[in-house]
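Chain naming here is simple, since letters A, B, ... match the order of the sequence lines and numbering starts at 1 in each.
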2 protein chains.
Amino acid sequence: MASDVIWPHGLQHGGKRPGSPTLVQATYDSMREDILSGRLQPGTKLRAEALKERYNVGASTLREALNLLVGEALVASEGQKGFRVTPMSEADFRDIVRVRKMLETQALRESFELGDDDWEAEVVAAFHRLSRIEERVSDDPAGLSGEWEERNRAFHAALISACPSRWLHHFIGILFHQSERYRRIAFSQSQGPVKRRDVHAEHEAIYEAAIARDVAQACALTEQHIDRTLSFLSDGGAFHQFGAQ
Amino acid sequence: MASDVIWPHGLQHGGKRPGSPTLVQATYDSMREDILSGRLQPGTKLRAEALKERYNVGASTLREALNLLVGEALVASEGQKGFRVTPMSEADFRDIVRVRKMLETQALRESFELGDDDWEAEVVAAFHRLSRIEERVSDDPAGLSGEWEERNRAFHAALISACPSRWLHHFIGILFHQSERYRRIAFSQSQGPVKRRDVHAEHEAIYEAAIARDVAQACALTEQHIDRTLSFLSDGGAFHQFGAQ
DNA sequence: ATTTTACACTTTTTCGATATTATTCGGCCA
DNA sequence: TGGCCGAATAATATCGAAAAAGTGTAAAAT
């Protein structure tokens with residue numbers, strides 16, 4: 001049956017695939033987390049020997065994981081010259097933001113149109129979970145950020161979960177991870193006091209528009225929400241680091 | 001530099017990547033062609049031994065190619081139970097068509113806005129090449145179809161080539177290949193006299209709208225063009241084969 | 001008759017070694 | 001000095017075999 005198809009990337013499930021305790025998968029997951037977090041910096045050459053040791057795997061297992069990451073554009077393969085972490089640039093991020101706005105608002109429209117009571121309940125639950133951690137996140141930003149990432153992802157996933165388009169979910173998932181990389185790397189490397197941004201208020205506004213089924217409002221707010229990540233990083237001067245490679 | 005990044009999939013270059021005469025690439029290309037053409041049927045289990053022999057490669061080379069295809073969603077990986085050719089379904093194709101229309105019209109808008117004289121010249125050239133083969137294609141449909149595929153792809157690529165969004169190109173490329181699989185498989189397996197469809201007229205109309213820089217018209221025609229593939233396959237009863245697996 | 005268990009067999013996954021290709025470095029010549 | 005060729009070195013790409021996991025069958029037990 002077609003519904004059994006395993007989709008390579010997506011926003012539904014949080015990283016782990018249904019049944020796949022293979023070494024390749026584990027390596028892929030660790031490596032992706034290392035790239036997203038910036039532990040493996042943009043543009044870094046990925047030498048086989050070093051990575052084999054780092055992840056405790058053999059040569060082909062490693063390369064398989066690498067090739068999976070190529071599909072998500074987190075790693076670039078360069079002919080016979082090995083792999084490297086996909087470089088980042090301001091232009092790339094602007095592009096991601098533009099396309100992401102388009103896809104996510106479309107998914108939102110379809111989701112609002114088709115979402116039933118169960119969908120609404122999911123959204124309520126996801127927003128609740130996110131709110132709870134956003135109350136506490138100012139106390140312990142470092143310790144809770146991993147969990148916040150997850151609940152933030154879950155909230156955005158819930159909003160569009162009633163959209164039936166597999167392909168929209170697929171592409172949105174890819175772009176979401178890309179954005180996450182920019183956000184996390186820029187955030188961790190920004191020095192000095194960071195101008196606070198009331199993300200929770202933005203989430204709340206989107207949430208209320210969702211419950212009211214106000215499509216236009218929800219789309220507008222979502223676009224702002226995505227845009228603000230860009231101007232936030234841009235204003236914070238986070239893009240300087242991407243100049244040289 | 002960011003512009004040196006190699007994008008895994010896309011509509012620009014026709015299959016072959018810049019400099020990559022690696023075995024993995026060759027295997028990936030052959031295998032993709034086999035899937036697109038239907039020689040490897042949807043849902044088929046991909047057994048390592050058989051494929052090693054078929055493509056004359058070792059186990060890890062094969063798996064690397066397989067993992068690359070997973071990124072394009074032409075192959076699905078199932079836990080520890082191997083790989084299989086991604087199944088097809090009418091619902092999936094409808095989804096592809098919907099999303100493709102959205103992305104391609106957006107790319108068209110951006111391309112029209114930014115395209116200069118060089119872009120126009122490219123479009124003219126690509127249309128000319130396509131027209132020439134479409135004149136001859138009724139004589140020898142089988143022999144020329146490969147070349148037609150290529151020129152058709154090139155024409156559509158030229159239309160949107162002035163759109164600067166890498167990500168749009170990336171996603172459009174994936175969906176284009178997916179559509180191609182549906183079209184080719186449905187077409188090759190449809191029996192009996194096929195209702196002829198004047199594809200050339202559709203291309204010509206789009207071409208003229210492009211030269212006139214009539215965005216609205218070009219988008220509308222492109223949507224029709226993409227839609228017609230769907231209704232063409234649907235009317236031809238080509239979807240029956242996707243019921244059972 | 002149905003479920004359970006054990007076993008043999010098939011297929012996938014993983015590893016380490018080898019072959020191939022890039023890169024670096026030093027000497028040579030203009 | 002500066003550029004170019006070729007050997008030495010380093011890194012990647014590929015292979016084939018060993019290990020792990022899944023699958024099916026048939027006898028034993030309920």
Round to a whole Å and report the spacing from [atom1] of [X] to [atom2] of [N].
X     : N      : atom1 : atom2 : answer
A/L66 : D/dA11 : CG    : P     : 16 Å
B/K52 : D/dG16 : NZ    : P     : 7 Å
A/L62 : D/dT14 : CG    : P     : 15 Å
A/R84 : D/dT12 : CZ    : P     : 11 Å
A/N67 : D/dT12 : CG    : C1'   : 13 Å
A/K45 : D/dT12 : NZ    : C1'   : 8 Å

Query raised in the report: Heavy atoms under 4.0 Å, any strand shown: does B/L46 hit a base, just sugar-phosphate, or nothing?
Result: sugar-phosphate
Query raised in the report: How would you label the contact of B/R63 with the nucleic acid (heavy atoms, under 4.0 Å): base, sugar-phosphate, or nothing?
Result: base
Report task. Taking ring pair (Phe, Tyr, Trp, His ring centres under 6.0 Å) as the test, write out the residues that go with B/W148, two or more places apart. Result -> none
Report task. Quick one: list whatever passes side chain to side chain donor-acceptor pair (under 3.5 Å) with B/E110, sequence neighbours left out. Result -> A/R98, B/Q106
Query raised in the report: Have A/R84 and A/T44 got a donor and an acceptor in their side chains that come within less than 3.5 Å?
Result: no
**Report entry** Closest-nucleotide 5' rank along DNA chain C - winner of B/A48 and A/G58
**Finding:** B/A48
**Report entry** Range on DNA chain C touched by chain A, heavy atoms, distance below 4.0 Å
**Finding:** C/dT14 to C/dT23
Just to verify, what does [X] make a salt bridge (Lys or Arg N to Asp or Glu O under 4.0 Å) with, not counting sequence neighbours?
X      : result
B/K81  : none
B/R181 : none
A/E122 : none
A/R94  : A/E90

Query raised in the report: Nearest to the side chain of B/T61, which nucleotide is it out of D/dA11, D/dT14, D/dG16?
Result: D/dT14
Query raised in the report: If you find the nucleotide of DNA chain D closest to B/A59 and the one closest to B/E64, which residue's nucleotide is nearer the 5' end?
Result: B/E64
N/O-N/O pairs, protein side and nucleotides 18-25 of chain D side, under 3.5 Å:
none

Query raised in the report: If you look only at pairs with a residue in residues 43-90 of chain A, which of them pass as a ring pair (Phe, Tyr, Trp, His ring centres under 6.0 Å), with sequence neighbours excluded?
Result: none
Query - Flag, side chain of B/R151 to backbone of B/R129, donor-acceptor distance under 3.5 Å - result: yes
